[in-house]
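Only a predicted model underlies this, so the values are computations on that prediction, with no experimental measurement involved. Atoms considered below: every heavy atom in the structure, side chains included; atoms not considered: hydrogens, waters and symmetry mates.
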Amino acid sequence: VKYWNFISRMDLAFHDLVIKYGGNHALKRVDGFVPAGKMVAVMGPTGAGKSTLLKALADQQFIDSGRVLYDGKELKDVPHMKSHIAMVDQDDVYLPELQVRETLIQSAQFRMADRKACEKLVDKYLKILNIDHVAHNNIGNISGGQVNYLILKLNYKNPKYQETKK
């Protein structure tokens, strides 16, 4: 309670945040303000940059340009603040050395016994979401929302393939 009282008295502002992954913008000139003691929901479609924004605000993400201010001061100027800021990530636990496609196939195999059927289904949804070009990249190369959507789609929206393992 002591720490919450401390944090809840501080305004949060962010100005012209720009974050790029390679040549692609994850955030492009994003601004916002959260008055002290208020709660805000960050909503948007898959891949819109919600997690990237929250990581930037929690100082867990490199910012290409822009500023994050807590009570008018940049986080780097008040280092003790960093110990009061946290974020719970949306991602489940994945093996980072696995490729996107293999991770999704393994997830689908929890519900489907036939590996070939899993491969076919994974390839189908990678193509539908227009992310088949990252199928052989590490799982960290697509947004957490996209991974979660794919896993949900593979495991719960396909009753035809929901046989149990023998």
Residue list, side chain to side chain donor-acceptor pair (under 3.5 Å) with D71, at least two apart or on another chain: none
Shared hydrophobic cluster for L54 and L69 (ILVMFWY, side-chain gaps under 4.5 Å): no
Audit row: V18, I63, side-chain contact (heavy atoms from CB on, under 4.5 Å) steps and yes/no: CA-CA 6 Å; V18 174; I63 299 171; over 6 Å; no
Nearest heavy-atom neighbours spanning A36 and D11: N-OD1, 2.7 Å
Rounded distance (nearest 0.5 Å) linking atom CD1 of I19 with atom CD of Q61: 4.5 Å
Contacts of D64 that satisfy salt bridge (Lys or Arg N to Asp or Glu O under 4.0 Å) - sequence neighbours left out: none
Between CG on residue L121 and CG on residue D114, distance to nearest 0.5 Å: 11.0 Å
Partner residues of H136 under the side chain to side chain donor-acceptor pair (under 3.5 Å) criterion, sequence neighbours left out: Q99
Partner set under salt bridge (Lys or Arg N to Asp or Glu O under 4.0 Å) for K20, not counting sequence neighbours: none
Evaluation steps, side-chain contact (heavy atoms from CB on, under 4.5 Å), between F14 and L57: CA-CA 8 Å; F14 44 100; L57 298 178; 3.6 Å; yes
Side-chain donor/acceptor of K50 to backbone N/O of P45, under 3.5 Å: yes
From K120 atom NZ to I105 atom CD1, the distance as rounded to the nearest 0.5 Å: 14.0 Å
Derivation of the side-chain contact (heavy atoms from CB on, under 4.5 Å) call for L27 and L53: CA-CA 7 Å; L27 298 178; L53 172 63; 4.1 Å; yes
Closest heavy-atom pair and its distance - A135, L126: CB-CD1, 3.7 Å
Non-hydrogen atoms of Y70 and A58 that approach each other most closely: OH-N, 4.4 Å
Steps toward salt bridge (Lys or Arg N to Asp or Glu O under 4.0 Å) verdict (D132, R101): CA-CA 9 Å; D132 50 331; R101 184 174 183 270; over 6 Å; no
L17 CG to R67 CZ distance, which is reported to the nearest 0.5 Å: 11.0 Å
Partners passing salt bridge (Lys or Arg N to Asp or Glu O under 4.0 Å) against R115 (at least two apart in sequence or in another chain): E102, E119
Evaluation steps, side-chain contact (heavy atoms from CB on, under 4.5 Å), between L104 and Y125: CA-CA 10 Å; L104 296 171; Y125 285 117; over 6 Å; no
Counterpart residues, side chain to side chain donor-acceptor pair (under 3.5 Å), relative to D16 (two or more places apart): R29
Linked, directly or transitively: V42 and F33 (ILVMFWY side chains, under 4.5 Å): no
